[in-house]
Amino acid sequence: MKSHCFFYKKKNYSIVSNGVVTKKSYSNIALIKYWGKRKNKIQIPMNSSISYSLEEVYTVTKLIYSLRERKKKRSIKIFFSGKEKTNFLPKIFEFFHRISFYCSYLRYFNFVIKTDNTFPHSSGIASSASSMSALALCIMEIEKKLDSSLKEAFFLKKASFLARLGSGSACRSIYPGLVVWGKHKSIKGSNNLYSIPYPYKIHPIFKKIWDTILVIDEEPKKILSSKGHQLMNHHPYAKERLKFANRNMDQLISILKIGDFPKFGELIEHESLNLHAMIMTSNPYFLWMRPNTLHVLHKVWDFRKQSKKNIYFTLDAGANVHLLYPIQEKKVIIRWIYSELIYYCKKIIESFCQ
Ligand code: DP6
């Protein structure tokens, strides 16, 4: 599907009225990371990425829309956990500006956005994925009220398309399970405009994965991911990174099929360290890891070697660590985490990779 397929083409604006919609959307953890955007394009990734949606880590957004007086400027208010947040407004206005092209009915409304996360507010867990996707789903709910013929598959596709314009990784949060965004030659239907559910066979072991998130740093990131993406444009290793990510995707497809957990684990660890290597070698350079991140990684390696348990890590654009393991091994692993790793973290968040 091309972008123009997402234009709202009906001219039935006479039925536009005030209303409220509420939607929930999950955060996600990427196995192969989206890093870098194509130059002079809006939110088109350099490489394809794949993530698990996280069941316990989600945002609920209520969007209240009311008819706007003609000629008056659009008003948007945003409340996060009951508190008005004016500092979120530039990002939200930019988002509405980008999507107004595809959702012409939005021009009739003023908005109040009320949003809450299940995960702690200052946990350093990326909330842009779940919050932008929840907002995109709310907007699609308005569209559905205007166009009752709208099909579920299109609803989700367009929600993903809109979410991408708010935050790239948000477009993967529309679906549960494993989700792919960005064109890859080996994945049928994959494309740069919206995400798709992973279309191939998955071994049962990958349908029951637990994610223990170790919150090591609660501070907002010093280098935001949007800035980090830009640094890839003049990065000396950008070409190699692209090749590496593409190769990892090919390998992951066969690993997911045959159910080789150690290979899976090694791949996601290597991939996340590659992401960190990119930020360390960009100009300006930066280090997301904190000393406690390193302690945890070494502890995980030692424990794995000695216990032979399938516990592996992945990292996002920050200091926090996601520990992924099969649910069958949860009892022993969780006990070890809470006795050995708790000292290195500010908080621990548990989630099922749905
Ligand atoms: C490291 O989606 O936050 O988490 O599109 O600028 O909003 P923007 O970036 P964002 O980047 C996420 C990067 C990542 C990897 C990933 O989730 O794939």
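When a residue number appears, it is its place in the shown sequence, counting from 1. Only a predicted model underlies this, so the values are computations on that prediction, with no experimental measurement involved. Indexing begins at 1, ligand by ligand and atom by atom, following the structure's order.
- Each of the following atoms of ligand 1 lies closer than 4.0 Å to a heavy atom of Gln43: 5 (O).
- With a 4.0 Å cut-off on non-hydrogen atoms, Ala30 touches ligand 1 through its side chain and not its backbone.
- Residues that satisfy the salt bridge (charged side-chain N to carboxylate O under 4.0 Å, His left out) test with Glu266, not counting sequence neighbours, are absent from this structure.
- Between Phe264 and Tyr312, the gap from one ring centroid to the other reaches at least 6.0 Å.
- Aromatic pair Tyr52/Phe206: ring centres not closer than 6.0 Å.
- Two rings, from Phe95 and Phe93, have their centers 6.0 Å or more apart.
- Atom numbering of ligand 1 starts at 1 in the shown order; those under 4.0 Å from a heavy atom of Gly168 are 2 (O), 5 (O), 7 (O), 8 (P).
- Considering backbone and side-chain N/O of Lys91, none are found under 3.5 Å from N/O of ligand 1.
- Not close to ligand 1: Met132, with no non-hydrogen atom less than 4.0 angstrom away.
- With Phe111 as the aromatic partner, Lys77 does not meet the cation-pi criteria of under 6.0 angstrom to the ring centre and within 45 degrees of the ring axis.
- Of the candidates Ser225, Ser167, Ala317, the one placing a heavy atom closest to atom 1 (C) of ligand 1 is Ala317.
- Each of Ser160, Ser49, Ser195, Ser27 was compared with Arg172 under the side chain to side chain donor-acceptor pair (under 3.5 Å) criterion, and only Ser49 meets it.
- Each of the atoms 4 (O) of ligand 1 lies under 4.0 Å from some heavy atom of Asp316.
- Of the candidates His229, Lys227, Glu271, Lys33, it is His229 that places a heavy atom closest to atom 12 (C) of ligand 1.
- Applying the ring-ring contact (aromatic ring centres under 6.0 Å, His included) criterion to Phe352, with sequence neighbours excluded, gives no partner residue.
- Close approach of ligand 1 to Ser226 (heavy-atom distance below 4.0 Å) involves ligand atoms 6 (O).
- For ligand 1 and Lys37, the ligand atoms under 4.0 Å from any heavy atom of the residue are 5 (O), 6 (O), 8 (P).
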